[in-house]
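Each remark here refers to the structure printed beneath this line.
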Amino acid sequence: MTMPPETIRTLPFGLALVLLRSSPPLVTDLRPWTARKEVEQLRTERTAIEKALQRR
């Protein structure tokens with residue numbers, strides 16, 4: 001099936017078109033990182049990375 005560009009451009013927020021060389025394209029739901037069970041660890045790591053980037 002071919003998906004025209006206007007369809008790709010108008011995918012609803014939270015959906016993604018995944019293109020991999022080894023499989024056919026697929027449309028999938030995205031889950032916000034804030035909904036993951038390890039959200040506190042992710043926040044801590046994000047803060048550390050942001051601080052490291054600011055020091056550069």
Side-chain angles (χ1 to χ4, degrees):
M1 177 181 159
T2 302
M3 185 179 289
E6 59 273 8
T7 302
I8 296 170
R9 280 194 304 271
T10 59
L11 285 173
F13 185 80
L15 290 183
L17 178 61
V18 179
L19 303 171
L20 298 171
R21 293 180 187 204
S22 59
S23 67
L26 61 102
V27 176
T28 187
D29 291 317
L30 297 175
R31 180 175 47 152
W33 66 271
T34 54
R36 293 177 57 163
K37 64 181 178 180
E38 60 272 277
V39 66
E40 288 308 317
Q41 176 186 353
L42 293 170
R43 278 194 177 110
T44 301
E45 292 172 0
R46 181 184 70 173
T47 301
I49 290 169
E50 288 172 346
K51 286 180 181 179
L53 290 172
Q54 289 173 355
R55 287 191 297 259
R56 293 183 116 205

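Numbering of residues begins at 1 and proceeds along the displayed sequence.
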- Task: Determine, stepwise, if the pair Leu15 / Leu30 fulfils side-chain contact (heavy atoms from CB on, under 4.5 Å).
- Result: CA-CA 6 Å; Leu15 290 183; Leu30 297 175; over 6 Å; no
- Query: Between Leu11 and Ala16, what is the shortest heavy-atom contact and its length?
  - Reply: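 Taking every non-hydrogen atom into account, CD1-C, 4.5 Å.
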- Message: With a 4.5 Å cut-off on side-chain heavy-atom distances among I, L, V, M, F, W and Y, is there a chain of contacts connecting Leu19 to Val27?
- Response: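 Yes, it is one cluster - the side chains of Leu19 and Val27 are joined through contacts under 4.5 Å.
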Taking atom [atom1] of [X] and atom [atom2] of [Y], what is their separation to the nearest 0.5 Å?
| X | Y | atom1 | atom2 | value |
| --- | --- | --- | --- | --- |
| Thr44 | Gln41 | OG1 | CD | 7.5 Å |
| Thr47 | Arg43 | OG1 | CZ | 9.0 Å |
| Leu17 | Leu26 | CG | CG | 7.5 Å |

- Distance-only donor-acceptor check, side chains Gln54 and Glu50, under 3.5 Å: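 Side-chain D/A pair, Gln54 to Glu50: absent.
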